[in-house]
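What follows is a set of notes on a single structure, which appears directly below.
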Amino acid sequence: MNETTPKPFEVTQFEEAGCRTWQLTPRNISRVDNDVDKCGVFAKGYYAAGDDGRPECIGLRIGDRPNHVIAFYGDWIIRHPDGRFTVHPVDEADR
């Protein structure tokens, strides 16, 4: 995965509408997790089996089930003015 990718036009539109955005990377996952927690929303690492079969963090789960969203590394996390979180996925080629 590239560390960051150019901001998609749709994400820029969300920001202009008053949304807060983050592009999730391995380097910033702790900061994004803390930022989401400060919004009063539960967040934790999202894990899957790695190539060696051991669990590895591949993203962030935001919110409580069943209304949670999952952002994978490279995806854009969007916090809307009403407090909702959505995810704008990055193109697979940029992961």
Query - Pairs meeting criterion ring-ring contact (aromatic ring centres under 6.0 Å, His included) with involvement of residues 35-64, two or more places apart - result: Y46-F72
Check whether any side-chain heavy atom of [X] lies under 4.5 Å from a side-chain heavy atom of [Y], and answer yes or no.
| X | Y | result |
| --- | --- | --- |
| P8 | H88 | yes |
| F85 | I77 | yes |
| V41 | I62 | yes |
| C57 | Y73 | yes |

Closest contact, heavy atoms only, [X] versus [Y]:
| X | Y | value |
| --- | --- | --- |
| H68 | G63 | CB-O, 3.4 Å |
| G59 | I29 | O-CD1, 3.4 Å |
| D37 | A43 | OD1-N, 3.5 Å |
| C19 | P81 | SG-CD, 3.7 Å |

Query - For T12, all residues meeting side-chain hydrogen bond (donor to acceptor under 3.5 Å, both in side chains), sequence neighbours excluded - result: none
Query raised in the report: Taking only residues at least two apart or on different chains, which pairs with a member in residues 54-73 satisfy salt bridge (Lys or Arg N to Asp or Glu O under 4.0 Å)?
Result: D52-R54
Report task. First locate atom CG of N28, then atom OG1 of T25, and finally report the distance between them rounded to the nearest 0.5 Å. Result -> 3.5 Å
Requested in this report: Measure the spacing between CG of L24 and CG of L60 and express it to the nearest 0.5 Å.
Outcome: 6.0 Å
Query - Between S30 and D33, a side-chain donor and acceptor under 3.5 Å - result: no
Report task. Not counting sequence neighbours, which residues clear side chain to side chain contact (heavy atoms under 4.5 Å, CB included) with V87? List them please. Result -> V69, A71, D75
Report summary line: Residues passing the ring-ring contact (aromatic ring centres under 6.0 Å, His included) test with H80, sequence neighbours excluded, are F14
Report task. Among residues two or more places apart or on two chains, list those pairs meeting side-chain hydrogen bond (donor to acceptor under 3.5 Å, both in side chains) that have a residue in residues 13-22. Result -> K7-E15, E15-T21, R20-D35, W22-D35
Query raised in the report: When you measure from the side chain of Q23 to the backbone N and O of G74, does any donor-acceptor pair fall under 3.5 Å?
Result: yes
